[in-house]
Amino acid sequence: MSNKRESQLEFAESESSGSGSTSKDGIYCTTGTIVFCAIAAVGLIVGVGLIAYYVPDRTCSVPDKPTGNPQDGFTSKRPATSPGITEAPKSPTPSHSKGPTEPPSSVSATPPPTPTDDGVWEGRLNGDIMYPRSYDLTLKPCLYFECGEDMRFRFYGWVEIVVVIEENTDRIVMHMANIDVDGIKVRRTVGDQTDLFVSHEEDTLYEFLIIHTRETLMKGTDYRVYIEYRGNLTNGLAGFYRSSYVNADGETVWLATSQMQPTDGRRALPCWDEPGFRSYFDTKIIHMSNMTALSNGIELGTETYEGDWQITTFKTTPKMPTYLLAFIVSDFGYKEGYTKNGVRFRVWCRKEAINTTDYALQQGVDILTYFEEYFSIPFPLEKQDMVAVPDFSAGAMENWGLIIYRETALLFDPMQNSAANKQRVAVVVSHELAHQWFGNLVTPEWWDDLWLNEGFASYVEYLGVNFTEPTWKMMEQFLVEDLQSVFSPDSLGSSHPVRVPVSSPAEINEIFDRISYAKGASILRMLNNILTEDVFRSGLLRYLNHYAEGNANSDKLWDALNQAQDVYDVKAIMDTWTLQMGFPVVNMTRNGNMLTAIQKHFLINPDSEVDDKYGDLGYLWYIQLTHTHKSQMEYENPNFDWMNGTSGEILTFSLEQSVKNTDWYLINIKQYGYYRVNYDLENWERLMTQLEADLNAIPAENRAALIDDAFDLARSGALTYDIPLGITKYLKNELEYIPWEATLVAIAYIRNMFSRNAGYGNLEKYMLCQIESLYNSVGFEDNPNDELLDQYNRVNAVGTACFYGHQGCLENATREFMEYMTMNETVSPNLKTSVYCYGIREGGADEWDFGLKKYQESTNAAEKATWLYALSCSREPWILSRYLSYSLNEDIVRQQDASYVIRYTARNYVGRALAWDYLRSEWDAIFAYFGEGSFTFSNIIAAVTAHFNTEFDLQELEKFGEGRDFGSATRAFSQAIDATKANIEWMNRNAETVSNTLAQSLPDVCS
């Protein structure tokens, strides 16, 4: 799944579990008469007998086991846990049905269970008792009134599951949520066909369906479980849900679509909803004849069903987990192509937008072909569909054979959308296609290895786009897009490892974050560089082939990479990067040609409280120190030395004999290593001198690394700010994108901290002088024929100059806005963000109302996203308050976009306090709207609290958190507390010094 940022507007856009024992209530009686005791004893015996028959047992805690079915060559199946019981609501009987016709059984009304005292989640299923072999699923979504008044926005479902029994049992337990069961049958697959079903119960805490049978289900026997049910096509962007758009005639058109990851397959059908359970799926969809149905497999045929209904049958899928199951019923159109190997490739969307699918189709065909060659494994399906839906919570979802996107991640109109929008489409398409191998062909055993899915896709996406768009310098962009951006959350004491224990659905959603995605990608890029590309690919091929259509974990990947070479113990190295949170800073000192390196866990606030459970290795890492120096300047095959990750925090090594005493030296060449470097003061000064004399002596990647390292080291107190600010003096000669991007990100932190501080005036003057040379070089007028990174440089220069009040920039932006507003003059797609934002910022209510009207009228998703951001740029508190109130109004802002209203407003200095007040005052509504299981919620918490930097802010934040359930944002709230404390410490230690240093630097940078 992709959570990549929305072009240049967005912030960077959620583990083992086990079972626990549950204490049981005892029954006690006082001393009484013999007769009374006898009667009580008889009653107790009868009661216990009933309980033993009807209430499922709870097991004691059992360690997790490897997953997979015996047929796959894997050793075992699932971790063992067991369910509780609760009552589920019933709904009216459907007007017609297919399948069992007997009335549903009664449901016991027993109290819901509670989690154990030690916090262990008991919502895991026990694959050592049973597991599903296959599903035969039929769905009938009702979008209008074709199924009757009471069934609009609901769906019928019929599923037949072949269940393999591994241990004798008298009940079948699977996941189910928000589904009404209308009938159940249980029969053997062969032999006696007596229905064994007795009753069913529903556990809403753990989202279990528990089916009791009249006789013991025997080990080694397969059974068919047939369930007829109904569910809701909700507007909650999860499970099987509804979406809509307004067509060219002004009519609202409805569609049904799905999003199952991570734990919402159970909302579409009763199933084993964990990644370790892989099964075959045969799907049929009943739909109106004016609509088209899509699912994972290629369609086998469509036949008339009843009246205006048709039924489409799809080919059996490969074995896959439920979170990859997908279906869509819509009136969409498509464009089609074929890969070199004959895979049919289609891109679907609203018919009015069909001409915006060309770029995604081209990229999809080329990248799928590239990945088939890169992984040396053919794509296993006959077709690949990619569909843009109007309402989608993430960027995209990698369902096998049916990838679903939000429109901004798939549709591109060169006349309306920017170069950043174009790159976003290419990157997200590449990300999701990479998942067809990493995640789909081989699936993690449990969500604690989510990073195997997302880290790999986030790394390999760059390879795919680098192949199709080689001039974009994607491997350079990696540094500022992923590696440097994830340093920030990973430098907090409340960070987490990439491989982290999770159990409940809320915890699982928490780790769909930058650590799993960007840090996962960064350490894989580092490992690739250590092993070399050929060895890395050879190991991946072993891994993918051995575990194809099965499940694996990190250790199995390390084993495959170890088998591909005999130089390194990959597990020993990578455990230090995956099992503990954070990353090191390597402090360097020099004595002649001898260098001493000392590694230490880097914390942006050195006083942060760090959770020791993530530091079992002592917060030491295996670090490959690549290095060169002025007299050598070897950047392609640099020399390297190793720091020990288990016992050696200090390493002394020598530079090459060619080094001179006056040479600078450089560590972590092209920033392949996931660590920061702090040099001795003399070397920092020599590097600064080199940059000012000839910046090209140091690669662009390392220029960006020096800037990023220096500013964060100063932020932590390890350097004084004259070092990073001194480095930036050379920027008057810098025209490369990634050093400028690194600078602007670093300066943005100081800008945010100074937004309520007297030092802001010095920063504003400093930045106006710094940006002047770049602004003059690229100019305000856009040229879409420029190289992509030159276009990005212009976007950065214009955005920065206008933000800090550059008069010429603001005049150009407001002029273009007024010409667009009054004369409908076109605005360059690359400059729309700045023109729209500063036109509204410098304007008033009329300009804002115009922007809102354009947002509502636009049918181009990327254009709508640009307006969504621009509307947050107003400086009028009453306008921003009104805008915030619109976030929960679906008539104005789509639910998938609602969080951005709050997040963007919080980035505006005028809107920051308003967003914080709005979050607190509307907490219940916001929490209900985004849902406990939504990773979007974490982004709201992070954005609203990002600028907190006073003791009062901290007190208010801590008070707000008292006794409050943050659901999937629990970790984000903890990180907000940690970040606020770091900001307070920074203000106390640095605010005055930085302001004075900026003032002292003005003569140099403004000369």
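Hydrogens, waters and symmetry mates are skipped; everything else that's a heavy atom, side chains included, is used.
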Should Y156 and E228 count as side-chain neighbours, where that means a heavy-atom distance under 4.5 Å?
no

What about F927 and F937, are their ring centers closer than 6.0 Å?
yes

Can we say E549 and K319 salt-bridge, meaning some charged N sits less than 4.0 Å from an Asp/Glu carboxylate O?
no

More than 12 foreign heavy atoms under 6.0 Å from CG of N247: is that the case here?
yes

Minimum heavy-atom separation for S393 to Q259, with atom names?
OG-CG, 4.4 Å

What residues form a salt bridge (Lys or Arg N to Asp or Glu O under 4.0 Å) with D282, not counting sequence neighbours?
none

G439 versus L324, closest heavy-atom pair with distance:
O-CD1, 4.0 Å

Please check: side-chain N/O of N551 versus main-chain N/O of P444, any donor-acceptor pairing under 3.5 Å?
yes

Starting at CG of N232, measure out to CG of D180 and round the result to the nearest 0.5 Å.
7.0 Å

When you compare the side chain of I902 with that of L884, does any pair of heavy atoms fall below 4.5 Å?
yes

Do W400 and F281 have ring centres separated by under 6.0 Å?
no

Sub-3.5 Å donor-acceptor pair from the side chain of E146 to the main-chain atoms of C142, do we have one?
no

Could you give the distance from CD1 (I184) to OG1 (T213), rounded to the nearest 0.5 Å?
11.5 Å

Main chain of F197, side chain of D195: is a donor-acceptor contact present, judged purely on distance under 3.5 Å?
yes

Nearest non-hydrogen partners of A326 and S258, listed with the distance:
CA-OG, 3.3 Å

Nearest non-hydrogen partners of V429 and G364, listed with the distance:
CG1-CA, 3.9 Å

To the nearest 0.5 Å, what is the distance between CD1 (I211) and OH (Y223)?
13.5 Å

Of M176, R266, H175, the residue whose pairing with F208 passes side chain to side chain contact (heavy atoms under 4.5 Å, CB included):
H175

Got a salt bridge between R894 and D897, using NZ or NE/NH1/NH2 to carboxylate O under 4.0 Å?
no

Could you check if a side-chain atom of N235 sits within less than 4.5 angstrom of a side-chain atom of D391, using non-hydrogen atoms only?
no

Any ion pair linking R350 and E407 (charged N to carboxylate O, less than 4.0 Å)?
yes

Considering residues at least two apart in sequence or located in another chain, which fulfil the salt bridge (Lys or Arg N to Asp or Glu O under 4.0 Å) criterion with E336?
R346

Just verifying a value: how many Å separate E207 CD and D264 CG, rounded to the nearest 0.5 Å?
8.0 Å

If you measure only the distance, is there a donor-acceptor pair under 3.5 Å linking the side chains of D331 and Y245?
yes

The residue among E303, H287, K284 that forms side-chain hydrogen bond (donor to acceptor under 3.5 Å, both in side chains) with T312 is H287

Knowing that exactly one of R133, R187, R188 qualifies, which makes a salt bridge (Lys or Arg N to Asp or Glu O under 4.0 Å) with D222?
R133

Restricting to ring-ring contact (aromatic ring centres under 6.0 Å, His included), what partner residues turn up for F345, sequence neighbours left out?
none

Y135 side chain to T322 side chain, donor-acceptor N/O pair below 3.5 angstrom:
no

Using a 3.5 Å distance criterion without hydrogens, assess whether the side chain of S289 forms a donor-acceptor pair with backbone atoms of D308.
yes

Using the side chain to side chain contact (heavy atoms under 4.5 Å, CB included) rule, take M260 and R267 through it: C-alpha gap first, then chi angles, then the decisive distance, then the call.
CA-CA 8 Å; M260 307 302 193; R267 301 180 191 281; over 6 Å; no

For a side chain to side chain contact (heavy atoms under 4.5 Å, CB included) check, start with the C-alpha distance between T859 and E352, then their side-chain angles and the critical distance, and finish with the verdict.
CA-CA 9 Å; T859 59; E352 292 91 338; over 6 Å; no

Are V893 and Y900 close enough that some pair of their side-chain heavy atoms sits under 4.5 Å apart?
no

Any pair counted as side-chain hydrogen bond (donor to acceptor under 3.5 Å, both in side chains), so long as it reaches residues 290-299, sequence neighbours left out:
E299-R344

If only atom types and distance count, is the side chain of T408 paired as donor or acceptor with the main-chain N or O of A862 below 3.5 Å?
no

Heavy-atom distance under 4.5 Å between the side chains of L237 and Q896, does that happen here?
yes

Aromatic ring pairing W348/Y334, orientation class (parallel under 30°, perpendicular over 60°, tilted between)
tilted

To the nearest 0.5 Å, tell me how far F327 CZ sits from L294 CG.
12.0 Å

Quick one, T257 and F392 - any side-chain contact, counting heavy atoms below 4.5 Å?
no

Kindly say whether N440 contributes a backbone atom to a donor-acceptor pair with the side chain of H435 at under 3.5 angstrom?
no

Within the 4.5 Å heavy-atom criterion, are Q261 and E398 side-chain neighbours or not?
yes

Do any N or O atoms from the side chain of S243 and from the backbone of V389 form a donor-acceptor pair under 3.5 angstrom?
no

Please walk me through it: do Y929 and E922 pass side chain to side chain contact (heavy atoms under 4.5 Å, CB included)?
CA-CA 10 Å; Y929 198 58; E922 301 295 331; over 6 Å; no

Please name all residues satisfying disulfide (SG to SG under 2.5 Å) with C349, sequence neighbours left out, ordered by chain then number.
none

Atom NZ of K335: over 12 foreign heavy atoms under 6.0 Å:
yes

Under the 3.5 angstrom rule, does the side chain of W447 hit a backbone N or O of P505 as a donor-acceptor pair?
no

Look up atom CD in E510 and atom CG in L450, then write down how far apart they are to the nearest 0.5 Å.
12.5 Å

Looking at every heavy atom in both P275 and P321, which two are closest together, and how far apart are they?
O-CB, 3.7 Å

Checking I165 against V163 for the side chain to side chain contact (heavy atoms under 4.5 Å, CB included) test, could you report, in this order, the C-alpha distance in whole Å, the side-chain angles of both residues, the deciding distance, and whether it holds?
CA-CA 6 Å; I165 302 300; V163 180; 4.0 Å; yes

Any sub-3.5 Å donor-acceptor pair from R152's side-chain atoms to L143's backbone N or O?
yes

Check salt bridge (Lys or Arg N to Asp or Glu O under 4.0 Å) between E857 and all other residues, then give those that pass, not counting sequence neighbours.
K853

Nearest heavy-atom approach of A268 to L139 is O-CD2, 4.1 Å

Quick check: do E274 and Y131 have side-chain heavy atoms less than 4.5 Å from each other?
no

